[in-house]
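Quick one: this structure, given as C-alpha cells, is what I'll be asking you about.
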Amino acid sequence: LMYDLGNGALITEHRSSGHAIKLVHQKLQHFSIAGHLFEKIDNESIANSLPHSGFYDILYRGDTKVIAWRQKLLREKITSSTIERSFDERNRYFIFKNGVYFSVKGKASVLKVLGDKKSELKLFLKKKRILLSQDRELLIKRTAEYYDTLK
C-alpha cells in the first residue's frame with residue numbers, strides 16, 4: 001500500500017500481475033501505513049474549518065483531537081539543458097475543539113486554542129522540556145493529551 005501525498009491517491013499492487021492499482025478515493029474511510037492512521041474527514045461536517053475534505057493523519061484521538069495534513073509539492077527548476085525535480089514536504093496541524101478544527105503552528109497558537117488551561121499547559125511544557133525546535137508534532141500532540149487530562 002502506498003499513499004501519494006502529491007496527488008492524494010492511495011495505490012496498491014495487484015497480487016498476480018504486480019501492476020499498480022489506484023484505489024477509489026470515495027469508497028475509502030481510513031487506512032494505515034507505517035504506523036500512521038489516515039482518516040477521511042468531510043470538511044462540511046466540521047463547519048468548513050479544514051482546507052478541504054480528504055485524508056488526514058490522526059496524531060491524537062482524544063476529546064481534543066490532533067490531526068496533520070501531509071502534502072508534497074513538485075518543484076521543477078529548469079537549467080540550461082535539464083529539468084531538476086524535487087519535492088517539498090508540507091505538514092499543517094489542526095486541533096479539534098468545540099466541533100471545529102483550528103490551525104496551529106507552534107506553542108503560541110496551541111496555547112491560544114487551548115487558552116482556558118493556558119497556565120497549566122505552560123507549566124507542563126516547561127516541566128517536560130518539550131521544545132518546538134525539537135519536534136513541532138510532538139509538542140502539539142503532548143499538549144493536547146495533557147489538556148484532556150485537565151478537563
Side-chain angles (χ1 to χ4, degrees), residues 1-13 20-77 83-151:
L1 195 63
M2 297 174 282
Y3 185 44
D4 181 351
L5 290 172
N7 298 318
L10 193 61
I11 301 164
T12 191
E13 189 177 289
I21 300 172
K22 182 179 174 184
L23 300 177
V24 179
H25 186 269
Q26 292 80 2
K27 293 190 177 194
L28 299 169
Q29 292 302 315
H30 56 85
F31 61 92
S32 181
I33 294 180
H36 291 265
L37 174 66
F38 288 84
E39 190 175 281
K40 186 191 291 182
I41 299 175
D42 180 24
N43 200 18
E44 290 178 13
S45 69
I46 38 97
N48 292 315
S49 56
L50 291 172
H52 61 84
S53 296
F55 289 103
Y56 289 82
D57 190 357
I58 309 302
L59 302 176
Y60 172 62
R61 220 182 177 56
D63 291 335
T64 311
K65 196 173 190 179
V66 178
I67 63 172
W69 178 41
R70 306 204 186 275
Q71 181 183 31
K72 286 196 178 182
L73 301 171
L74 177 64
R75 181 187 300 227
E76 295 182 331
K77 182 180 178 182
I83 298 175
E84 296 175 9
R85 292 185 173 109
S86 63
F87 286 94
D88 290 337
E89 188 173 339
R90 288 190 187 165
N91 294 315
R92 291 182 60 193
Y93 302 100
F94 300 89
I95 292 179
F96 185 75
K97 184 178 175 192
N98 300 329
V100 177
Y101 281 97
F102 295 91
S103 178
V104 292
K105 292 183 179 181
K107 182 179 173 180
S109 57
V110 170
L111 292 175
K112 184 176 180 182
V113 171
L114 306 176
D116 56 319
K117 303 286 184 190
K118 188 175 184 175
S119 58
E120 293 97 324
L121 294 173
K122 274 184 166 182
L123 201 66
F124 167 76
L125 291 171
K126 188 175 181 178
K127 182 179 173 186
K128 293 292 183 182
R129 296 186 181 152
I130 301 172
L131 302 174
L132 179 63
S133 60
Q134 292 172 339
D135 190 348
R136 177 185 317 268
E137 210 166 280
L138 180 66
L139 179 136
I140 297 167
K141 181 181 168 183
R142 291 275 168 84
T143 306
E145 288 171 350
Y146 186 67
Y147 177 80
D148 282 349
T149 66
L150 297 173
K151 287 176 146 185

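Being a predicted model, the structure only gives us computed values, none of them experimental. Residue indices begin at 1 and follow the sequence shown.
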Worksheet item: Rounded to the nearest 0.5 Å, what separation is found between the CG atom of L59 and the CZ atom of R142?
Response: 12.0 Å
Worksheet item: Would D63 and Y147 count as having a side-chain donor-acceptor pair, cut-off 3.5 Å?
Response: no
Practice prompt. Flag yes if more than 12 heavy atoms outside E44 fall under 6.0 Å of its CD atom; otherwise flag no.
Written response: no
Worksheet item: So, do L37 and R61 sit near enough that their side-chain heavy atoms are less than 4.5 Å apart?
Response: yes
Fill in: side-chain contact (heavy atoms from CB on, under 4.5 Å) between R136 and K105, intermediate numbers included
CA-CA 8 Å; R136 177 185 317 268; K105 292 183 179 181; 4.2 Å; yes
Worksheet entry | For K97 against V113, the heavy-atom pair lying closest together | NZ-O, 3.0 Å
Response to the item:
Heavy-atom closest pair (K141 atom, V66 atom, distance to 0.1 Å) is CA-CG2, 4.5 Å
Item to complete: With rounding to the nearest 0.5 Å, note down the distance linking NZ in K127 to OH in Y146.
Response: 7.0 Å
Worksheet item: Where the side chain of D88 meets the backbone of L73, is there a donor-acceptor pair that is under 3.5 Å apart?
Response: no
Discussion item. Walk me through whether T143 and I95 qualify under side-chain contact (heavy atoms from CB on, under 4.5 Å).
Written reply: CA-CA 10 Å; T143 306; I95 292 179; over 6 Å; no
Worksheet item: So, K40 side chain and L28 main chain: donor-acceptor pair closer than 3.5 Å or not?
Response: yes
Worksheet item: Looking at A144 and L114, what are the two nearest heavy atoms and their distance?
Response: CA-CD1, 4.4 Å
Worksheet item: NZ of K107 to CD1 of I140: how many Å apart, nearest 0.5 Å?
Response: 13.0 Å
Worksheet item: Heavy atoms, side chains only, cut-off 4.5 Å: are L23 and L1 in contact?
Response: yes
Fill in: Rounded distance (nearest 0.5 Å) linking atom CD1 of I58 with atom NE2 of H36
12.0 Å
Discussion item. To the nearest 0.5 Å, what is the distance between OH on Y93 and CG on L139?
Written reply: 10.5 Å
Worksheet item: Stepwise, does the side-chain contact (heavy atoms from CB on, under 4.5 Å) test hold for L5 with F87?
Response: CA-CA 10 Å; L5 290 172; F87 286 94; over 6 Å; no
Item to complete: Please round to the nearest 0.5 Å and tell me the distance separating atom CG of L10 and atom CZ of F38.
Response: 9.5 Å
Worksheet, complete the sentence: Nearest heavy-atom approach of I33 to M2 is CD1-C, 4.0 Å
Item to complete: Please name the pair of heavy atoms, one in F94 and one in P51, separated by the smallest distance, quoted to 0.1 Å.
Response: CZ-CD, 3.5 Å
Worksheet item: What do you reckon, is NZ of K65 surrounded by more than 12 foreign heavy atoms closer than 6.0 Å?
Response: yes
Item to complete: Look only at the side chain of N43 and the backbone of S49, and say whether a donor-acceptor pair between them is shorter than 3.5 Å.
Response: yes
Worksheet entry | Shortest non-hydrogen contact from R85 toward L74 | CB-CD1, 4.0 Å
Worksheet item: Are R90 and W69 close enough, and set up right, to give a side-chain contact (heavy atoms from CB on, under 4.5 Å), and what steps lead you there?
Response: CA-CA 8 Å; R90 288 190 187 165; W69 178 41; over 6 Å; no
Worksheet item: Taking the six-membered ring for Trp, are F55 and F31 parallel (under 30°), tilted (30 to 60°) or perpendicular (over 60°)?
Response: perpendicular
